[in-house]
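What you see is a predicted model; the values in this text were computed from it and never measured.
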Amino acid sequence: MQYGAAFSRHWQMIGAGLLAMVLLMLSVAFPHQASAHASVTQSIPAQNDVLTESPKQFKIQFNEDIQRAYYGMTLMNSEGKTLDGITARVDEKDGTTMLADVSQTLPDDVYTLSWKAISGDGHPVEGVIVFQIGDGAGKSLKEATQVSLDDSKPLSPLLIVARWLQYAAQAIVLGLLCLSLFLLPPAYRQQTAWMNEPRYRLLLIGGALLALIALLAQLPLRISWAADVPLSAIGGQLSDTFNGTIFGKVWIWQTIAAVIVLISVCVQSLRGLSQNVRNLLGMIAFVLVALGSLAKAFDGHAFAEQYAVLAVAADYIHLLSALIWSGALLALALFLPRIVNGSEGEQRQALYWGIVRRFSWWAIGSVAALLVTGIYGSLLYLPTLSALFNTGYGLTLLSKMLLFLVMAAFGGMNYIKGRKQEGEIGKDMVWEVLTGFVILVLAAILVHLSPYAAPLGNSGAPRGVQTQVQQVDGYDISLKVPPSQMGMNTFTVTVKDQQGKPVNVEQITLQLQHLDMAMAPTNITITAKDGKDGVYETQGMISMNGSWNVDMRILTKSLKTVETKFTLKVPGS
């Protein structure tokens with residue numbers, strides 16, 4: 001009967017695991033529209049706008065607050081000359097708006113207004129607005145100064161290493177404290193001989209010290225990455241970093257907590273302290289490391305979400321579960337044999353498997369938390385299903401998910417061993433530990449990747465420009481947009497009647513609306529002077545990769561209005 005009940009419970013666990021995996025895949029299959037990345041919802045002047053006179057002010061409005069540091073605007077004329085007197089500021093009454101007064105009267109020309117900012121999730125974003133004043137001094141939009149757009153800022157390898165070292169060190173500290181405070185049976189928590197060993201003290205103090213050093217290293221590296229300045233120039237950015245960025249405030253809190261943790265574990269390692277004092281110091285360190293992980297959740301994708309409280313909570317639980325699981329595994333692998341070394345026979349077996357069973361419940365809780373929060377994160381951050389397989393963020397997330405399943409499989413094997421109490425856990429635990437720390441590497445990379453970056457493999461690839469054709473109200477209408485990339489493109493519209501004869505038009509208006517992000521529409525106007533014999537073309541700027549809906553409205557010479565829609569897919573640059 002007992003064997004049957006155990007067998008049934010095993011199958012229930014396997015069924016629950018399979019169900020969770022199915023839910024995980026379904027969560028990726030039905031993503032929502034992306035929102036946790038700053039995008040332009042309105043600008044004055046608008047993209048590809050033609051102004052009758054010089055503007056008095058530039059205005060760019062985003063879909064979320066931008067951080068109060070590392071932002072700016074730069075104005076260039078058609079000759080590539082940067083014009084002075086353009087100083088950007090964030091509107092004091094509306095944190096979503098960046099303004100810049102124009103102190104001079106701009107002559108007729110074609111201009112390029114480039115901007116940069118830090119979005120709510122801490123990622124640098126940039127863009128370009130091309131506009132024309134008057135007749136453009138005889139120039140067209142295609143003669144605007146070209147500015148390279150990059151929707152995914154290159155990673156800083158040193159910043160990734162520093163972040164991973166922080167995670168790894170925090171996992172070590174949490175794991176060792178978890179073992180001594182929670183995993184040992186109450187009757188054995190007063191036996192601290194193994195905690196007095198140099199290896200334990202060195203690992204605990206070394207982990208706390210490494211976490212502090214990794215945090216200190218992240219400050220200059222993060223400023224250099226976000227502000228796009230060399231390390232030698234970060235001194236001028238310190239005030240803005242601490243006062244104007246979430247990262248700066250989070251870094252201060254994490255650093256203070258890390259210092260207190262280091263002091264606590266150093267004092268805890270002193271000989272002659274009572275066990276109650278050791279436990280108190282250990283609990284202080286454990287709580288502060290855990291709260292440090294909470295602070296990190298405010299500096300990332302979660303904090304910029306519409307329902308930030310829920311997103312931050314999920315991000316925090318996900319990271320903390322991974323840290324405790326990985327760290328406790330390492331602590332067990334290193335010190336479990338030493339803890340049970342003084343016991344023999346049935347007492348040894350009872351102690352050994354009692355600790356393993358206690359850890360199993362922690363592991364099961366961590367697995368459940370990682371699954372639920374992983375599902376939620378997939379729903380929240382991936383803009384499309386294809387992004388899981390063709391973007392850096394998606395592939396890193398996919399690798400993390402697969403390694404998590406591998407780690408869970410190792411954990412399942414050890415759980416079954418614990419139930420049967422056959423032999424002792426050996427090399428399997430080592431592989432599980434290594435897998436856990438590789439997952440932390442991927443977690444460190446994900447922090448600095450944008451979920452909305454361009455697909456991989458597009459750079460330098462040939463672009464097949466296809467002509468799209470619609471038949472509407474007796475007209476054949478085609479749209480061709482080479483080179484179909486971020487930046488300046490040529491919009492060619494051909495209008496013919498049913499007999500294939502060209503149709504002359506007065507005006508064609510195109511409104512481009514991004515399908516994956518909440519952005520301001522891009523308007524492009526083509527007039528009769530932009531072509532003949534039914535073929536009309538003009539230049540227009542596309543400032544974001546992805547899928548665009550193109551609403552086309554044609555006014556013919558006979559004043560008949562024809563409307564149709566196209567879908568434009570723009571790969572990454």
Side-chain angles (χ1 to χ4, degrees), residues 20-21 24-25 27-28 31 36 121-123 152-172 174-175 210-211 214-215 217-218 221-222 225 292-293 296-297 299-302 311 314-330 363 366-367 369-383 386-411 430-453 455-457:
M21 290 168 58
L24 182 61
M25 297 307 171
S27 72
V28 177
D121 62 1
H123 283 87
S152 180
K153 193 173 181 66
L155 295 175
S156 167
L158 290 177
L159 186 55
I160 298 300
V161 171
R163 175 77 74 167
W164 174 74
L165 288 176
Q166 177 193 347
Y167 287 166
Q170 289 175 333
I172 291 171
L174 284 173
L210 180 60
L215 272 169
Q218 285 179 57
L221 293 171
R222 180 69 176 272
W225 178 70
S293 301
K296 175 265 163 195
D299 178 36
H301 306 301
D315 189 72
Y316 168 60
I317 292 171
H318 191 86
L319 176 60
L320 186 62
S321 298
L323 293 178
I324 290 178
W325 189 6
S326 301
L329 272 171
L330 178 63
S366 297
V367 169
L370 286 166
L371 279 173
V372 173
T373 55
I375 290 171
Y376 181 72
S378 298
L379 281 167
L380 208 57
Y381 305 130
L382 284 174
S386 61
L388 183 65
F389 304 100
N390 65 7
T391 66
Y393 185 93
L395 290 173
T396 305
L397 178 61
L398 185 61
S399 300
K400 182 182 170 186
M401 289 160 51
L402 293 175
L403 284 177
F404 164 72
L405 293 178
V406 171
M407 191 174 177
F410 279 124
V430 175
W431 287 111
E432 193 176 350
V433 169
L434 292 176
T435 305
F437 278 83
V438 172
I439 289 175
L440 293 181
V441 174
L442 298 179
I445 294 174
L446 282 174
V447 172
H448 301 289
L449 284 176
S450 168
Y452 321 117
L456 298 174

Quick check: closest heavy atoms across [X] and [Y], and the distance to 0.1 Å?
X	Y	value
A369	I317	CB-CG2, 3.7 Å
A314	T373	O-CG2, 3.4 Å
F437	S326	CE1-O, 3.9 Å
A162	L221	CB-CD1, 4.3 Å
R222	G122	NH2-O, 3.8 Å

Are [X] and [Y] side-chain neighbours, meaning at least one heavy-atom pair lies under 4.5 Å?
X	Y	result
V367	W325	yes
L323	S293	yes
L319	Q170	no

Can you tell me how far the [atom1] atom of [X] sits from the [atom2] atom of [Y], to the nearest 0.5 Å?
X	Y	atom1	atom2	answer
L402	T435	CG	OG1	12.0 Å
L440	R163	CG	CZ	12.0 Å
L330	L174	CG	CG	12.0 Å
L370	M401	CG	CE	12.5 Å
L371	L405	CG	CG	8.0 Å
W164	L159	CH2	CG	15.0 Å

